Amino acid sequence: MSNTEEIDDSSAPLIEHLAELRTRLIRSVLALLVGVSICFIPIGGDFIAVHILNFLLSPIEASLRALGDPSPTLQYTSPQEYLFTLFRISMVFGFAMAFPVIAFQMWRFVAPGLYKNEKGAFLPFMIASPFMFLLGASFAHLVVTPLAMSFFLGFADVSSIFANLLSNAEPNLPGEAVVVPETQEGIKVTFFGKVNESLDITLKFIMAFGLCFQLPVLLTLMGKAGLVSSEGLGSVRKYAMIAILVLAALVTPPDVVTQLILFSVVYGLYEVSIFLVRRVETKRETKLREEGYYDDEEEFDDPLMKEFEDDADGK
């Protein structure tokens, strides 16, 4: 057999892998396009993406109403801004809807190269990861974002917006109908929120907490691979607490209540991670004992080691 034939034979598996990868990528992209397209299906006179946008902005609406604005309004300042905002939402939620298909295609590509025990170890993490991300995103949207919006918007004179609009639209309104009268000096600072910037804050909270809730999944997977241990994680608790406090200060508004909530949640996840890693270690040790790698009998007395220890004690 010539060298050329040997090279052709050795390259055949690589070509097959590349063809398989191409097939998986094409199916993943098609699933993403379907997910994006679903967001632009009209329901109730609006696209699904519009309903998603209203849902994401609901904490801002609730905060504005609580501050006295009877008609919360957000604006966009360029012709394409609102459409691009809908495209952004459709990409994010289209990927979320397509993720099961994308994860399955990734799994089908990687699984043939794994041993049976590796498949059993890796598959649960692929299921737990999106679940924990969804849990973190829900916590961010339902708890953290409302607290943050109340804190930020508390500095704005929101109720004056609607009053000024009424006074300008109808000059014959009685004086008592105008909540905030006109002023002769000074500048009135009010809130005119932009759609894309308000959405950006909400999505950042969702991504930040979704990733923070991946901590048990990541540390448990590292523990299964032998990269971390429960004893090691427990010994650095004080450093972990400092790191979590810094994280809480960076991703939340300067509000002590919100920071304490984030710290409590993330540190609780850290303790859960230690518990899960300890369980992984216990199962691994039990399996090794069953296979005879551990000996429960007393350690063998090595005369040389005993003599060395005696000399050390004598010194």
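As the structure is a computational prediction, the values presented were derived from the model and not from experiment. Residue numbers start at 1 and run along the sequence shown.
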Would you compute the distance between atom [atom1] of [X] and atom [atom2] of [Y] and round it to the nearest 0.5 angstrom?
X	Y	atom1	atom2	value
Leu25	Leu30	CG	CG	11.0 Å
Ile41	Ser90	CD1	OG	12.0 Å
Met97	Ser37	CE	OG	9.0 Å
Ile206	Ile201	CD1	CD1	12.5 Å

| Of all residues at least two apart in sequence or in a different chain, which pass the side chain to side chain contact (heavy atoms under 4.5 Å, CB included) check with Phe275? |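 If we apply the side chain to side chain contact (heavy atoms under 4.5 Å, CB included) test to Phe275, skipping adjacent residues, the hits are Arg279.
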| task | Find out if a path of hydrophobic residues (ILVMFWY) with successive side-chain heavy-atom gaps under 4.5 Å connects Leu233 to Met222. | result |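 Looking at the clustering, Met222 is in the same group as Leu233.
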| Same cluster or not: are Trp107 and Val101 linked, directly or through other Ile, Leu, Val, Met, Phe, Trp or Tyr residues, by side-chain heavy atoms under 4.5 angstrom apart? |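 No, Trp107 does not connect to Val101 through the hydrophobic network.
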| said: Distance alone, cut at 3.5 Å: any donor-acceptor contact between the side chains of Ser230 and Glu281? | reply: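 Note: Ser230 and Glu281 side chains meet the donor-acceptor criterion.
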| request: Report, as yes or no, whether the 6.0 Å neighbourhood of atom CE on Met91 holds more than 12 heavy atoms from other residues, nucleotides or ligands. | output: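 Atom CE in Met91 is not crowded, with 12 or fewer foreign heavy atoms closer than 6.0 Å.
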| request: Kindly assign one of parallel, tilted or perpendicular to the pair Tyr267 and Phe263, based on the angle between their ring planes and the thresholds 30° and 60°. | output: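 It falls in the parallel class, under 30°.
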| task | On the 0 to 90° scale, with breaks at 30° and 60°, tag the Phe139-Phe209 ring pair as parallel, tilted or perpendicular. | result |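 Phe139 vs Phe209 ring planes: tilted.
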| field | Charged N-O contact under 4.0 Å between Arg108 and Glu20 | value |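 Answer for the salt bridge query: no.
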| field | N-O pairing of Arg88 and Asp200 below 4.0 Å | value |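 Yes, this pair counts.
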| query | Between the side chain of Thr145 and the main-chain N/O of Ala140, is any donor-acceptor distance below 3.5 Å? | reply |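 Indeed, once roles are kept as given, a pair shorter than 3.5 Å links the two residues.
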| said: Would you say the ring centers of Phe55 and His141 fall short of 6.0 Å from each other? | reply: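 For Phe55 and His141, the ring centres are under 6.0 Å apart.
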| said: Less than 6.0 angstrom separating the ring centers of Phe104 and Phe109, yes or no? | reply: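 For Phe104 and Phe109, the ring centres are not under 6.0 Å apart.
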| message | Quick one, Phe213 with Val265, criterion side chain to side chain contact (heavy atoms under 4.5 Å, CB included). Give me CA distance, side-chain angles, the key distance, then yes/no. | response | CA-CA 9 Å; Phe213 273 61; Val265 171; 3.4 Å; yes
Looking at every non-hydrogen atom in both residues, tell me the closest pair between [X] and [Y] and how far apart they are.
X	Y	answer
Cys39	Gly94	SG-N, 4.2 Å
Leu74	Leu57	CD1-CD1, 3.5 Å
Val217	Met132	CG2-CG, 3.8 Å

| task | Provide the full list of salt bridge (charged side-chain N to carboxylate O under 4.0 Å, His left out) pairs with a residue in residues 132-148, sequence neighbours left out, each pair given once. | result |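 For residues 132-148: none.
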N/O donor-acceptor pairs under 3.5 Å from side chains in residues 236-248, not counting sequence neighbours:
| residue | atom | partner | partner atom | Å |
| --- | --- | --- | --- | --- |
| Arg237 | NE | Glu271 | OE2 | 2.8 |
| Arg237 | NH1 | Gly234 | O | 3.4 |
| Arg237 | NH2 | Glu271 | OE1 | 3.1 |

